[in-house]
Number of protein chains: 4
Amino acid sequence: MVQIAVARSGPRSQEKRAEILRRAADAFRRRGFHATGMRDIARSLGMTPGALYYYFRSKGDLLYFCQQHSLRRLLGEGRAILSRPGGEGEKLRTLIRAHVETLLDETGGSAAHLEVRALPSGRRPWILAQRDAYETTLRRLITRGVRSGAFRPVDPKLAALAILGAVNGIVLWWKPEGPRRPAEIAGAFAEVLVGGLER
Amino acid sequence: MVQIAVARSGPRSQEKRAEILRRAADAFRRRGFHATGMRDIARSLGMTPGALYYYFRSKGDLLYFCQQHSLRRLLGEGRAILSRPGGEGEKLRTLIRAHVETLLDETGGSAAHLEVRALPSGRRPWILAQRDAYETTLRRLITRGVRSGAFRPVDPKLAALAILGAVNGIVLWWKPEGPRRPAEIAGAFAEVLVGGLER
Amino acid sequence: MVQIAVARSGPRSQEKRAEILRRAADAFRRRGFHATGMRDIARSLGMTPGALYYYFRSKGDLLYFCQQHSLRRLLGEGRAILSRPGGEGEKLRTLIRAHVETLLDETGGSAAHLEVRALPSGRRPWILAQRDAYETTLRRLITRGVRSGAFRPVDPKLAALAILGAVNGIVLWWKPEGPRRPAEIAGAFAEVLVGGLER
Amino acid sequence: MVQIAVARSGPRSQEKRAEILRRAADAFRRRGFHATGMRDIARSLGMTPGALYYYFRSKGDLLYFCQQHSLRRLLGEGRAILSRPGGEGEKLRTLIRAHVETLLDETGGSAAHLEVRALPSGRRPWILAQRDAYETTLRRLITRGVRSGAFRPVDPKLAALAILGAVNGIVLWWKPEGPRRPAEIAGAFAEVLVGGLER
DNA sequence: TATGAATGAGATTTCATTCAT
DNA sequence: TATGAATGAAATCTCATTCAT
């Protein structure tokens, strides 16, 4: 089930596909989609550019599967968190922490879900739908918190966007070799962002 | 004084330069720097691509001056706000509102200051310095608030990055033709983001 | 009569035309025809590129008139030298010295007659004819010297080309600010080319 | 050993690289570097312009490797000649003949070492150094001849430049399809430049 | 006479992609 | 499965030239 994100079209080794996605995601995150060439990705894998096309149809598909992987994981975690018992504040903190840690999880190579504009148009709808679903999950949690009185009466949509912007923005400055560990960042962001909602 | 950002190299009408920058910034914001061609910018101005080079040395320079314009304005406003009397909470709200409105001010054509990676290397240091200066301004305000007891004991650097991520992220989804006015967004973000810091 | 090379089409100040040609020739000599832009020439004159077109039809024409000027002078001197009394050896030495000094005469700005390939096709025949005429003059002098016994029995055409190659090549390395004066070079070349190296 | 000039960066068949260099050198020699487009070179090889970039990084590099090839060969021959026994006059004649034949050797595709100004700045120092080394070789031979009394007391530097100018100038007028064979030209030039014209 | 502005053709170069082997 | 080689479209940029003023 875990491999669904990656498994496709028969024999093509899933491991290799996953490895490629990891490197691609890493490159996209560091340099941006357009500034990253297939050459760069291939070189970082010790392959030739042509070989990548045995595993993926196009550069756009590479981006698509990166984002798919990311979003699937985020959405899974998000829904799991929502369905647990507990107060909205605590749930939201947990969700933000999970989001940050997923984003910065190097081995997962995720975090490429920002450059939606670069997606091949045929792939975009699916990603947008998933992204909306995730945003909806988040918004629903906020709405509940507002209703229950746990949160102040904010506009849930804008609050959700503020939170997403803050956490997604991390990838623009964070570097694995930098001083801050993901958990530290995750905790601080959860505190600052949820504190603003709670009464 | 506003035009300083734009005035350079003799006659080359500043108005035209400003007009070009506006359109370029708009295009960069919508499609991203790499996905925007000189053709696109020229067409939106009713010019030929070559004509742009009469006003700007390169596409990278176009980005540079967009960012310069943006940052100059943000920094000016930021410093002005800090030097006024008042509590840190209120100042921070004002600063966030000003930031959002600057970012979304279409006629200013600003908001392109996100794609630092795409800057020509010779131009990057200046932009990074200005960006750091702005971040420092924000961090300093937060630090003061923490010291004065107005804010909770957060890590000022991470708090600043959370706020900046949230507000800068707006340009990724906001469209002039959408339902929300800049002022509305500005107010909501200020509330959510500052509320999290205040005791 | 002297101005014929430059005077054309009525009022257009001949002085200005001459001044432009001097600068153009200088630029062509230093950087080569293709690497020299109309901008460069205009800037060195304190003009705008457009203004040059008031005086000359095209960049190719600029080259043409430079070469015309050069060749006219060389040919005039060459013929004068030939018609004087004296031995062929001495005449050839004088001709070489005159050629070198003309070539390196900065104020004359000549020496641009090397890049024949760059001439507009309509202008080429005239230049080629003049160049041939000059070469013929030189060849004739050598032929006479061979006949008179002053020179060894060389192939006059190849000998002429050797001499021309040697002297024209000077512009590829000589710089006004360098240590050698034109007269010094002229003398040395005349000696080596006419007298040879061996005793 | 000959291929060292060409061997680089892995497989990229050296034969193809050499073939490209030959054509490029030929085109540069005929039309000049700036007047030769990558299109021209590609067409003469039955390729697309883009394909050239699989073998060479840039047009400037094409020029660089042409010159490198030329200079390596010239320098090798020059040094070999100097180290042989014999009188300076005879050695100089041999060197000039070798130089001319190398220059006009079509299959070698050499002779492009004149347009130093067009070299990419990073490549220029190497070429200039090699060129200086060659000139030094020649100058040294002349100096020895002067000391030994075989040559008249000329300025060795200027004499060397005269000889180089004469032989390099050949490429400006020589065409493979013309009437004179390289050996004929080589002999005549050697005779005139070493023996002079006068008896 | 000269300028600011613009044009349009062309140059080099990049890059995702393909394909025979 | 993978590679070397090649393609072709597009991108940025340059530059001689024109033209209204």
Side-chain angles (χ1 to χ4, degrees), chain A residues 11-13 16 33-42 45-63 120, chain B residues 9-13 16-17 33-42 45-62 120, chain C residues 11-13 16 33-42 45-63 120, chain D residues 9-13 16-17 33-42 45-62 120:
Chain A
R12 280 170 184 71
S13 142
K16 196 93 188 200
F33 177 77
H34 285 287
T36 302
M38 290 298 263
R39 284 193 142 72
D40 302 322
I41 299 171
L45 286 153
M47 295 178 167
T48 43
L52 293 175
Y53 287 83
Y54 181 76
Y55 296 94
F56 294 93
R57 202 180 298 281
S58 71
K59 190 185 167 193
D61 257 29
L62 234 32
L63 180 63
Chain B
S9 65
R12 271 172 190 66
S13 131
K16 195 92 191 204
R17 280 177 63 97
F33 178 77
H34 285 288
T36 302
M38 291 300 261
R39 291 189 122 75
D40 303 322
I41 299 171
L45 284 153
M47 293 180 169
T48 41
L52 292 175
Y53 289 85
Y54 182 71
Y55 295 94
F56 294 93
R57 211 178 292 282
S58 70
K59 190 186 167 191
D61 257 29
L62 234 33
Chain C
R12 280 169 183 71
S13 146
K16 196 91 190 203
F33 177 77
H34 285 286
T36 302
M38 291 297 263
R39 284 194 141 71
D40 301 323
I41 299 170
L45 285 153
M47 294 178 168
T48 44
L52 292 175
Y53 287 83
Y54 182 76
Y55 296 95
F56 295 92
R57 203 179 298 282
S58 69
K59 189 186 169 192
D61 257 28
L62 233 34
L63 180 63
Chain D
S9 61
R12 270 173 192 69
S13 131
K16 195 91 191 202
R17 278 176 66 98
F33 177 77
H34 285 289
T36 302
M38 292 299 263
R39 292 187 121 75
D40 302 323
I41 299 171
L45 285 153
M47 294 179 168
T48 42
L52 292 175
Y53 288 85
Y54 182 72
Y55 295 93
F56 294 92
R57 208 178 293 283
S58 70
K59 189 185 167 191
D61 256 30
L62 234 33

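Lettering of chains follows the sequences in order, A, B, ..., and the numbering in each one begins at 1.
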Between [X] ([atom1]) and [N] ([atom2]), how many Å, whole number?
X       : N      : atom1 : atom2 : result
C:Phe56 : F:dT18 : CZ    : C1'   : 18 Å
D:Leu52 : F:dT7  : CG    : C1'   : 12 Å
D:Leu45 : F:dT7  : CG    : P     : 11 Å
B:Asp40 : F:dA10 : CG    : P     : 12 Å
D:Tyr54 : F:dA5  : OH    : C1'   : 5 Å

**Report entry** Base-pairing string, 5' to 3', of DNA chain F - Watson-Crick or wobble, under 3.5 Å, | interstrand
**Finding:** .||||||||||||||||||||

Report task. Using only side-chain N and O atoms of D:Lys16, determine if any of them is under 4.0 Å from OP1 or OP2 of F:dA6. Result -> yes

Requested in this report: Check side-chain contact (heavy atoms from CB on, under 4.5 Å) between D:Phe56 and all other residues, then give those that pass, not counting sequence neighbours.
Outcome: D:Arg17, D:Ile20, D:Leu21, D:Leu62, D:Phe65

Report task. Kindly point out which of E:dA2, E:dG8, F:dA2 is positioned nearest to the side chain of A:Thr48? Result -> F:dA2

Query raised in the report: Quick one: CG on A:Leu52 to CG on A:Asp61, what's the gap to the nearest 0.5 Å?
Result: 12.0 Å

Requested in this report: Enter the distance from A:Asp40:CG to A:Leu45:CG here, rounded to the nearest 0.5 Å.
Outcome: 11.0 Å

Might you point out which heavy atoms bring [X] and [Y] nearest each other, and give the distance in Å?
X       : Y        : value
C:His34 : D:Ala35  : NE2-CB, 3.8 Å
B:Ala42 : B:Thr48  : CB-C, 3.7 Å
B:Met38 : B:Ser58  : CE-C, 4.4 Å
B:Gly60 : B:Pro120 : O-CD, 3.6 Å

Query raised in the report: Do B:Tyr55 and B:Met47 touch side chain to side chain, with heavy atoms closer than 4.5 Å?
Result: yes

Query raised in the report: If you find the nucleotide of DNA chain F closest to A:Met47 and the one closest to D:Met47, which residue's nucleotide is nearer the 5' end?
Result: A:Met47

Query raised in the report: Is the charged tip of D:Lys59 near the ring of D:Tyr53: under 6.0 Å from the six-membered ring centre and within 45° of its axis?
Result: no

Give me, pair by pair, the N or O atoms of the protein and of nucleotides 13-17 of chain E that are less than 3.5 Å apart, along with how far apart they are.
residue : atom : partner : partner atom : Å
E:dT13  : OP2  : D:Tyr53 : OH           : 2.6
E:dT13  : OP2  : D:Lys59 : N            : 2.8
E:dT13  : O5'  : D:Tyr53 : OH           : 3.3
E:dA16  : OP1  : A:Lys59 : NZ           : 3.2
E:dA16  : OP2  : A:Met38 : N            : 2.9
E:dT17  : OP2  : A:Tyr53 : OH           : 2.7
E:dT17  : OP2  : A:Lys59 : N            : 2.8
E:dT17  : O5'  : A:Tyr53 : OH           : 3.3

